[in-house]
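To start, the structure itself, in structure tokens.
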Amino acid sequence: MPAYDDDVWELYSPDDWTQAHDLTKELQGKPELAQKLHALQRLFLIEAAKYNVLPLDDRRPERFNSDLAAGRC
């Protein structure tokens, strides 16, 4: 599983409830979209720190499999 720093962020219009049209694919030549994505990424980190959920834990298999979580395989 890739590190969170390598995650690809997606951005959808509030009108796109199906999330079928990722606006980040249109960032070339549209600085307002790039700025909006950056602002949302920053807000995410601010809120994550505010609610004390950092560091993020991406060990999904270990969290859902008690044998892996206990170090038993």
Side-chain angles (χ1 to χ4, degrees):
M1 182 169 289
Y4 278 114
D5 290 340
D6 298 330
D7 278 352
V8 176
W9 285 69
E10 298 173 350
L11 182 64
Y12 299 97
S13 168
D15 299 332
D16 184 10
W17 56 270
T18 63
Q19 295 184 341
H21 186 70
D22 182 7
L23 297 175
T24 61
K25 301 201 184 330
E26 300 175 9
L27 290 179
Q28 277 322 98
K30 294 190 178 178
E32 67 279 356
L33 286 178
Q35 291 171 354
K36 183 64 171 179
L37 180 60
H38 179 71
L40 290 170
Q41 289 170 325
R42 186 171 187 280
L43 179 60
F44 173 83
L45 289 174
I46 289 169
E47 292 296 310
K50 177 179 168 183
Y51 290 102
N52 207 19
V53 296
L54 295 173
L56 297 174
D57 184 1
D58 64 351
R59 295 173 296 148
R60 289 183 200 124
E62 293 90 346
R63 289 177 39 222
F64 293 110
N65 184 329
S66 60
D67 289 334
L68 291 175
R72 299 179 296 238
C73 291

Reported CD-to-NZ distance for the pair Glu10 and Lys25, which is rounded to 0.5 angstrom: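 The NZ atom of Lys25 is 6.5 Å from CD of Glu10, to the nearest 0.5 Å.
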Nearest-0.5 Å distance that lies between atom CG in Leu54 and atom CG in Leu45: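 The CG atom of Leu54 sits 6.5 Å away from the CG atom of Leu45.
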Atom of Leu33, atom of Leu11 and distance for their closest heavy-atom approach: O-CD2, 4.1 Å
With Lys36 via side-chain hydrogen bond (donor to acceptor under 3.5 Å, both in side chains) - residues at least two apart: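 Result, side-chain hydrogen bond (donor to acceptor under 3.5 Å, both in side chains) vs Lys36: none returned.
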Listed partners of Ser13 passing side-chain hydrogen bond (donor to acceptor under 3.5 Å, both in side chains), at least two apart: none
Gln28 atom CD, over 12 foreign heavy atoms within 6.0 Å: no
Residue pairs involving residues 11-39 (criterion ring-ring contact (aromatic ring centres under 6.0 Å, His included); sequence neighbours excluded):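 Those involving residues 11-39 do not exist here.
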